Every structure is written in C-alpha cells, then in structure tokens.
Amino acid sequence: MTENRIYADNAATTALSDTAFEAMLPYLRESYGNPSSIHSFGTEAKRAVEDARKAVAEALGARVNEIYFTSGGTESDNWALLGAAALRGRQGRHIITTEIEHNAVYRTAQQLEKQGYDVTYLPVDRYGRVAPEQLAAAIREDTILVSIMTANNEIGTLQPIPALCEAAKKRGVLFHTDAVQAAGHVPINVRAWGVDLLSLSAHKFHGPKGVGALYVNLRTVLPPLLYGGGQEKSRRSGTTNVPGVVGMAAALGEAVREMDKALPKITTLRDRLIDGVLKLPGVKLTGHPTERLPGLASFYFENIQAEPLVTALNEAGICAGAGSACSAGSGEPSRVLKAAGILVENNKPAAPLRLSLGRYNTAAEVETILERLPQALIKAAAERVILPSVNLDDYD
Ligand code: PLP
C-alpha cells in the first residue's frame, strides 16, 4: 500500500485526532483506576469521566445529567428504541421510523415488530428526505416513539429534525434521532431541537472506536438495556471506558470548536468533488444536493459494479466506500437507494460510490481523486467477473 494513499471514507470511520489521543494517554497508562473505586486511582478516573460528561453535554447543548456513556452508536440506538418501547409500551405499541435508517435502528425496529409492536417505516423522497407533514399524518393515538436519523450514512441527506420533532411533540410522542453521522460535523443543540433521545459515536468525529453516548432528556426515565454493577446511575451498567470517554469528549469539543472553520472548507471540497464527478458520463448524485453532510459526496454509476470500482480506486491509492447495488447475480439492492427511488433495471449493474471527506483532507487530494477516478471507472467497466456483492449489513 502506498504511503500517500488518500482516505476518503470518513463516514465509515475517522482518524483519531492528536488532541483526543493526547487526552487519552494518561488514562491508558498511569491513571488506570476504575471510576467506581473510592481510592485515589478511582477518584482520578471518576473526575475524568465527569469532566468528559460535562464536555459532551456542552457540545450538544444538554445538561450534564442527560449524558450516558455507551459502547457506541449501535448500543445507543438499541437502548433508545428498546428502552422507549419498554417505557411507553403500556400507552401504545406503535413506532414510527424511516426506510433509510442505519441497521442499528432498522433491525431493532424489526425486532420490536417480532415482540408485537407495530412499526411504520416512512418512505422518503428522491433526495432521501422525510417531510414533517408526512410524519404528522402517520402519528396515531397509540404512537409512542418516532426515530428518524439526523444524517444518512449512505447518501448524506440531512433531515429537518426540529420540524420533525415538533410534529412528534405536538402529539406527546417521544422523539429519538440517530445523530451518529452528524455529531461533530453539523451544529447540534438538543434543547433547541427538542429531541428526547440522541445517539452519537466517537469514531465518526475523530474519537476512538467502541465508545459513544446517548442523550436522554431529563423528563425521560429510560429503563436500562444493560443490568449489572449499576454504573451511570444504574441506567447503563458496565465499567466505564475511561480513556474512551475522555477521548470522545476531547474529539467532540475539538470538532465543535473548529466547526466554523472546518465546515466551509469541507463543504467547498465536497462541492468541488461533486462538480468534478458529475462531469463524467453515466453518473448521478445520490442524496440531497444541498441539505447533506458537509463532507459526504455520493454517486451512482451505471453499467459498473461496486466492488471492481472500489478495488480499482484502492489500487489507485484512493480509499472510498461502496454499497451493494442491484447487479446480476448479486445480493439485495441498497435499501436506502431503493427507498429514494434510485433503482436499476434487473440484471443491469450499477455502482454506488461514497467519497466522504473530513477535516484532514486537502484540496490537492480532491484533485487527485478527480484525476484518478476516470481510469478506475474504465478498469471497473472492463471487469467481467461478477463478484459477490458487499453485504449491506457491513455498510456503516
Ligand atoms: N448509525 C449510523 C447512522 C451509523 O453510520 C453508524 C455507523 O456505523 C451507526 C449507527 C453505528 O455506530 P457504531 O459503529 O458506533 O456502532
């Protein structure tokens, strides 16, 4: 692998920032205490965890006692849905979500269906958006929870969360948003938005992997998902990942502090990438043209298969993401693209391509991607072998 390879898969995960790394180091080495211990090692660790909670709360516009640390986005999403269902299950058994949620929400909703809950999967428009009126019309007397993601991981579309949330609140329904792709990339204010539950994951904003948080509004007494030692005020048992939460807080604080500077820079790079790619033949932009994550550019190439394209790009030193497309002999088409009406004819290959930029990408890298992409497309188009498709379950 070349040393000067370009990382354009920031929606899958991001590089740990130096700030987060430095903040974590003491808690990986000398301050390794368990925050539940009452000796000095423990109290040091506990102080670090509570400082981290304060920093995460500040970054989200939340109160400090509304932040619960988890093992990441998947756990936060599972807890939000399963917890809300358990909390409100006596009031009603109807849940509303969308057809384009990440599997961490989608599969959990399917699981709740098996337990007797009735789930409405709202359709989206061709840009992947849900209209607030559409949500309002779907709310019933027995609706207990709405879960709609802030930003989509495949096509980058941002949802109008405050308006969607208002529609749910008017009817007294709990509102959860999976902000895993959005946190640290676009401004979030849980109080201004009015959400009850919000999930985030550190590795998507230059923090470490395997750590996340769930914002739980003070009014919402969410029952635990995990039982055990009673950590996190008995709402989420398990010894706290001290270096993890410290790293997450440092990364989120840094992302929020740098957002004013980073946002226009990354958006400019993304738009240059979109303009350049759309000049190529047989390509469509997926997702909303403007209401999208600042760094995420997603496309759809006709007559090309996803795997050969990502492989050809990788050989050219460009690390990009793909999803499964409806291609001959391969698996299911992407649920998200299908929901947005971006369908291909049967047996006709088509490749989704996701180029996701972050704070560390440069204008020169974008130009290199644009220079090398046509050759990779030619190579992928010449590919005759039908490779097994990427498993959508692995699509982050
Ligand atoms: N939700 C979304 C929108 C995601 O993109 C991801 C990423 O994988 C997740 C949830 C799961 O997060 P984690 O990898 O922290 O479990």
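All of these numbers come straight from a predicted model, not from anything done at the bench. Read the numbers this way: they start at 1 and go in the same order the structure lists the ligands and their atoms.
Contact between Glu75 and ligand 1 is absent, with no heavy atom of the residue lying under 4.0 Å from the ligand. No heavy atom of Lys209 sits closer than 4.0 Å to any atom of ligand 1.
Using a 3.5 Å distance cut-off with no hydrogens or angles, the side chains of Asn153 and Arg354 do not pair a donor with an acceptor. Side-chain contact annotation: Tyr68 with Arg235, donor-acceptor N/O pair under 3.5 Å present.
Within the listing of ligand 1, atoms 3 (C) sit less than 4.0 angstrom from a heavy atom of Met149. The distance from ligand 1 to the heavy atoms of Gly73 drops below 4.0 Å at these ligand atoms: 12 (O), 13 (P), 15 (O), 16 (O). Annotation for ligand 1: atoms under 4.0 Å from non-hydrogen atoms of Gly72 are 15 (O). For ligand 1, the atoms closer than 4.0 angstrom to any heavy atom of Ser201 are 13 (P), 15 (O).
The shortest N or O to N or O distance between Ala11 and ligand 1 is not under 3.5 Å.
In this structure, of Asp178, Asn153, Leu200, the residue bringing a heavy atom nearest to atom 1 (N) of ligand 1 is Asp178. By heavy-atom distance, the residue among His102, Gln181, Lys204 lying nearest atom 9 (C) of ligand 1 is His102.
Partners of Glu254 by salt bridge (Lys or Arg N to Asp or Glu O under 4.0 Å), not counting sequence neighbours, listed by chain and number: Arg359. With sequence neighbours left out, the salt bridge (Lys or Arg N to Asp or Glu O under 4.0 Å) criterion links Arg47 to no other residue.
Ring pair Phe41/His39 is perpendicular by interplanar angle, where above 60° counts as perpendicular and below 30° as parallel.
Tested against Arg53 for a salt bridge (charged side-chain N to carboxylate O under 4.0 Å, His left out), the candidates Glu66, Glu232, Glu58 yield a single pass: Glu232.
Counting only heavy atoms from C-beta outward, the side chains of Asn314 and Cys319 approach each other to under 4.5 Å.
By the criterion of a heavy-atom distance under 4.0 Å, the side chain of Asp77, and not its backbone, is placed next to ligand 1. Residue contacts with ligand 1, taken as heavy atom pairs separated by less than 4.0 Å, involve Thr74 via backbone and side-chain atoms alike.
Cluster membership check: Leu200 does not share its hydrophobic cluster with Leu293, using side-chain heavy-atom separations under 4.5 Å among Ile, Leu, Val, Met, Phe, Trp and Tyr.
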